[in-house]
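Position 1 is the first residue of the sequence; numbering continues from there. Numbering of ligands and ligand atoms starts at 1, following listing order.
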Amino acid sequence: MLRIVVCVSGGGTNLQAVLDAIDAGKITNAQVAAVISNSAGAKALQRARDHHIPGILMSPKEYSDREAYNEAFTAQMAGLNPDLIVLAGFLVRIPPQMVQRFPDRIINIHPSLIPSFCGVGYYGLKVHEKVLERGVKVTGATVHFVNEGMDEGPIIAQKAVYIEENDTPELLQRRVMEQAEWVLLPQAIDDIANGRLEIVDGHVRHRESRV
Ligand code: GRF
């Protein structure tokens with residue numbers, strides 16, 4: 001049984017998609033052991049509590065400097081003994097020591113087709129604002145492994161979403177979530193939990209096609 005720790009900062013709709021998929025049997029061999037948030041007000045923490053999952057607050061504001069936070073966060077994570085760490089709308093940069101401690105065991109969901117509209121400054125609604133500003137016709141979401149770079153690890157899965165006339169950043173954000181994020185993230189977790197993925201030469205390979 002894959003032990004998952006989910007890290008969140010806000011609404012937690014991706015966390016909810018994962019919890020619902022586990023309840024519905026769409027993700028098998030996996031359980032969410034804990035949810036970590038950097039923000040006390042995150043609705044995601046309430047979602048965790050509603051599911052009787054421990055919610056842990058780890059805010060950088062409570063530490064003297066970033067290095068102290070990085071050490072404490074990594075120690076907290078190690079204590080939870082996760083097989084997989086899922087960043088589901090987590091706005092804090094993952095400490096380098098955590099990446100080293102959990103190689104190929106951290107995944108992230110990003111609301112664009114990487115390598116477009118990603119990296120420093122591309123988070124939340126800003127991604128969709130930039131997409132509309134640039135006038136691209138297709139966007140989407142990406143699930144990828146996390147390395148020490150920003151949105152740079154091996155890509156697990158991507159799904160395209162078309163821009164529509166009269167889109168606003170808010171409308172587009174919602175559609176990318178519904179059509180791509182909430183589908184891709186549970187699928188990726190199920191694939192990992194059931195040993196269907198491997199990383200070969202820095203690229204993700206699916207061992208067998210999904211049925
Ligand atoms: C999602 O768009 C996710 O891709 C991005 O932040 C947003 C989080 O939404 N990284 P939620 O907290 O899962 O509702």
Just by distance, with hydrogens left out, do Glu67 and Gln97 show a side-chain donor and acceptor under 3.5 Å apart?
yes
Against ligand 1, does Ala44 come closer than 4.0 Å with any heavy atom?
no
Quick one: look up the protein heavy atom nearest atom 4 (O) of ligand 1 and list residue, atom name and how far away it is.
Glu181 OE1, 2.6 Å
What protein heavy atom sits nearest atom 12 (O) of ligand 1, and how far off is it?
Gly12 N, 2.7 Å
Any Val8 heavy atom less than 4.0 Å from ligand 1:
no
Can you list the steps and then say if Phe73 with Ile94 is a side-chain contact (heavy atoms from CB on, under 4.5 Å)?
CA-CA 9 Å; Phe73 184 19; Ile94 292 300; 4.2 Å; yes
Would you say ligand 1 has an N or O under 3.5 Å from any N or O of Gln173?
no
Consider only side-chain N and O atoms of Gln46 and Asp50, and report whether a donor and an acceptor are under 3.5 Å apart.
yes
How far is atom 14 (O) of ligand 1 from the closest protein heavy atom, and which atom is that?
Thr13 OG1, 2.5 Å
Residue from Leu171, Asp167, Thr139 passing side-chain contact (heavy atoms from CB on, under 4.5 Å) with Leu132:
Asp167
Using a cut-off of 6.0 Å, state whether more than 12 heavy atoms not belonging to Tyr123 lie near its atom OH.
no
If we check side-chain contact (heavy atoms from CB on, under 4.5 Å) with Asp83, which of these qualifies: Ile4, Leu2, Val5?
Leu2
Please write down residue, atom name and distance for the protein heavy atom closest to atom 10 (N) of ligand 1.
Ile109 O, 3.3 Å
Restricting to heavy atoms, the pick from Gly89, Ala180, Ala42, Gly11 nearest atom 6 (O) of ligand 1 would be Gly89
Cationic N near anionic O, under 4.0 Å, Asp191 to Arg207:
no
Residue, atom name and distance, where the atom is the protein heavy atom closest to atom 9 (O) of ligand 1
Met177 CE, 3.3 Å
